[in-house]
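As structure tokens, the structure follows; a few thoughts come after it.
All residue numbers in this chain count up from 1 along the given sequence. No experiment lies behind these values; they were computed from the predicted model shown.
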Amino acid sequence: MYDFDKIIERKGTNAYKLDLREKYFGTEDLIPLWVADMDFAAPPEVQKAIQARSNHEVYGYTIRKGEFTEAIVNWCKFKHKWEINQDWIEYSPGVVPALAFSVLAFSNEGDGVIINTPVYPPFYSVIADNGRKVIKNSLINNGGRYEIDYELLEQQAALETTKIYILCSPHNPVGRVWTEEELLKIHSICKKHNVLVLADEIHSDLALFGHKHIPFASISEEAAMNCISFMAPSKTFNIAGFSTSYVVTANDKFLKGYRTTQNRLQLHMGHLYSGVALTSAYNEGKGWLKELTAYLESNVLFIEEFLKNKLPELSFFRPEATYLIWIDFSEWSLNQKHLKEFLAYKAKVGLNDGLSFGAEGRGFMRLNVASPRAVLKQALEQIYESRQLL
């Protein structure tokens, strides 16, 4: 049994979610439930592996040997029933940098890149900051369950300048696990119009409530040849501080193109502990992940029940994956600036501003449930008590 109820003090560790509260919210006096890492200890096996390596006195340049790619191959087969080859894999310094490398490698300035909005904010940056055009395919909010607008996707993919579709799968922040039928529709459209699919699958190991993530590249051989997959154990095992990401593609042309861009930018070396953390997590973390998943599900259900009983005007679609929930605050009738300030200064809870995910996020906030239950309970009680001030 792993103790996910343990409250771990993170002050003094330069934690992003704590030490940037003043900059992001204007105050440090709040419970931070925003940045997408977890407040749980990493698996003991990972801790031991890192500590064992740190006991050596020399921290020089490092390489990743066969056990790195072997661990990835075995994990994808175990977790997703996806058979891949070791020579389809390339290290990356992070999923977002890898997406940027791919945008640079497989499109030109002025080309269009499709994203499903609302979506993880860096998706906009890797497109616009590299001189490409953001093409927003707004998700359809069907009673809280978001769906893809395929008619619009067809029109957007048909544009001569559209070169890439970045798929967030599972989707952050709306928590969808795309079904095989949905993925096949995406593939059909993108293949027809020669649009490359970049599948960000960083949350793939965190499917909840019986849902199963399907890697986009696994749906058919044709899809595998028109796709680059981006994965990592960072979200899964709370090791985001290590550069443990990687890309997978069966298409040798795409792999070479990606590798050339990453090497040209001299970002291929990696972190001393990246291989250590990844191999130990994938090889020895299965039991920990099983218990984590159950705890996350119970946290989601706890929040559901709390809102139902005390804050029924707030709602969210139960996430099919991730440890993030997308809460609709629109019934409070506050503009976005006032909503963010109210939660920060009155409720003293720090959530992600829905507008940072796109215009479709107006009235929403994203809450990270990957904290001990007592922390979530305190945050919800503070929101409930502050509600009386509206």
Inspect the surroundings of OH in Y59 and state if more than 12 heavy atoms from other residues, nucleotides or ligands are less than 6.0 Å away.
yes

May I ask you to decide if N263's main-chain N or O and Q266's side chain share a donor-acceptor pair within less than 3.5 Å?
yes

CA sep, side-chain torsions, deciding dist, call: L153, N116, side chain to side chain contact (heavy atoms under 4.5 Å, CB included):
CA-CA 9 Å; L153 180 61; N116 296 119; 5.6 Å; no

Linked, directly or transitively: L367 and Y323 (ILVMFWY side chains, under 4.5 Å):
yes

With a 4.5 Å cut-off on side-chain heavy-atom distances among I, L, V, M, F, W and Y, is there a chain of contacts connecting L307 to I31?
yes

SB check K337 E341 (cutoff 4.0 Å):
yes

Non-hydrogen side-chain atoms of D39 and P372 separated by less than 4.5 Å
yes

Should we count NZ of K286 as having more than 12 external heavy atoms under 6.0 Å?
yes

Taking the ring of Y2 and the ring of F40, is the distance between their centroids below 6.0 Å?
no

V95 reachable from F254 in the ILVMFWY side-chain graph, under 4.5 Å edges:
yes

Spell out, as yes or no, whether a donor-acceptor pair under 3.5 Å connects the side chain of N137 to the backbone of D149.
yes

Given the rule in the side chain to side chain contact (heavy atoms under 4.5 Å, CB included) test, do H171 and V119 qualify, once you have shown the distances and angles that lead to the verdict?
CA-CA 7 Å; H171 194 280; V119 74; 3.7 Å; yes

I'd like to know if the side chain of N85 and the backbone of D87 have a donor-acceptor N/O pair within less than 3.5 Å.
no

Take atom CG of N309 as the centre, draw a 6.0 Å sphere, and report whether it contains more than 12 heavy atoms from other residues, nucleotides or ligands.
yes

Identify the two heavy atoms, one from I166 and one from I164, that lie closest to each other, and give their separation to 0.1 Å.
CG1-CG2, 4.0 Å

In terms of relative ring orientation, are W34 and Y24 parallel, tilted or perpendicular, with 30° and 60° separating the classes?
parallel

So, are E182 and R176 salt-bridged, with charged N and O less than 4.0 Å apart?
yes

Does NZ in K348 sit with more than 12 non-hydrogen atoms of other residues, nucleotides or ligands closer than 6.0 Å?
yes

Distance, nearest 0.5 Å, that separates OG1 of T261 from CG of L267:
11.0 Å

Between atom CG of N108 and atom CG of N130, what is the distance when rounded to the nearest 0.5 Å?
12.0 Å

Just by distance, with hydrogens left out, do E67 and T279 show a side-chain donor and acceptor under 3.5 Å apart?
no

Would you call L198 and I228 a side-chain contact if the rule is heavy atoms closer than 4.5 Å?
yes

Is the F317 to Y146 ring centre distance short of 6.0 Å?
no

Check whether any side-chain heavy atom of T322 sits under 4.5 Å from a side-chain heavy atom of K235, and report yes or no.
no

Side-chain donor or acceptor of N251 paired with backbone N/O of M225 under 3.5 Å
yes

Are more than 12 heavy atoms, taken from residues, nucleotides or ligands other than R259, located less than 6.0 Å from that residue's CZ atom?
yes

Can you confirm if the NZ or CZ of R366 lies within 45° of the ring axis of F357 and under 6.0 Å from the centre of its six-membered ring?
no

Do I383 and M365 share a hydrophobic cluster, counting only Ile, Leu, Val, Met, Phe, Trp and Tyr and linking them when any side-chain heavy atoms are less than 4.5 Å apart?
yes

Look at the side-chain heavy atoms of Ile, Leu, Val, Met, Phe, Trp and Tyr, link any pair under 4.5 Å apart, and say whether L292 and F209 land in one connected group.
yes

Within 45° of the six-membered ring axis of F101 and under 6.0 Å from that ring's centre, is NZ or CZ of R264 located there?
no

Do the ring planes of F329 and W332 sit parallel (below 30°), tilted (30 to 60°) or perpendicular (above 60°)?
perpendicular

Is the shortest side-chain heavy-atom distance between V195 and I189 below 4.5 Å?
no

Side-chain touch P173/N352, heavy atoms, less than 4.5 angstrom:
no

Within the 3.5 Å criterion, strictly below it, is a donor on T27 or D29 matched to an acceptor on the partner's side chain?
no

For A321, is there any backbone N or O sitting under 3.5 Å from a side-chain donor or acceptor partner on H213?
no

Would you confirm whether E70, through its side chain, and Q86, through its main-chain N or O, come within 3.5 Å as a donor-acceptor pair?
no

Considering only heavy atoms from C-beta outward, does the side chain of V349 approach that of Q378 to under 4.5 Å?
no

Value for NZ (K290) from OG1 (T293), rounded to nearest 0.5 Å, stands at 10.0 Å

Quick check: are there more than 12 heavy atoms from other residues, nucleotides or ligands sitting under 6.0 Å from NZ of K377?
no

Report the distance from atom CZ of F216 to atom CG of L167, rounding to the nearest 0.5 Å.
7.0 Å

Please determine which of W82, F237, F68, Y246 meets the ring-ring contact (aromatic ring centres under 6.0 Å, His included) test together with W75.
F237

Any Lys/Arg nitrogen of E320 or R145 sitting under 4.0 Å from an Asp/Glu carboxylate oxygen of the other?
yes

Main-chain N/O of L30 paired with R21 side-chain donor or acceptor, under 3.5 Å:
yes

Donor-acceptor check, side chain of D205 to backbone of T236, threshold 3.5 angstrom: yes or no?
no

Would you call E181 and K185 a side-chain contact if the rule is heavy atoms closer than 4.5 Å?
yes

Interatomic spacing from CD1 in I89 to OG1 in T69 - rounded to 0.5 Å
5.5 Å

Closest non-hydrogen atom pair, K136 against A359:
NZ-N, 4.0 Å

For the side chain of Q382 and the backbone of A347, is there at least one donor-acceptor N/O pair under 3.5 Å apart?
yes

Within the side chain of Q388, is there an N or O that forms a donor-acceptor pair under 3.5 Å with the backbone of Y384?
yes

Kindly determine whether Q155 and E151 satisfy side chain to side chain contact (heavy atoms under 4.5 Å, CB included), including the steps that lead there.
CA-CA 7 Å; Q155 296 170 10; E151 183 177 345; 4.0 Å; yes

Taking K310 first and then E381, would you say they form a salt bridge - that is, a charged N and a carboxylate O separated by under 4.0 Å?
yes

In Å, rounded to the nearest 0.5 Å, how long is the span from CD of E154 to CD of Q156?
10.5 Å

Using the ring of Y282 (Phe, Tyr or Trp, six-membered ring only), decide whether K79 places NZ or CZ under 6.0 Å from its centre and within 45 degrees of its axis.
no

Go through the steps to decide whether E222 and N226 satisfy the test side chain to side chain donor-acceptor pair (under 3.5 Å), and finish with yes or no.
CA-CA 7 Å; E222 205 175 45; N226 190 44; over 6 Å; no

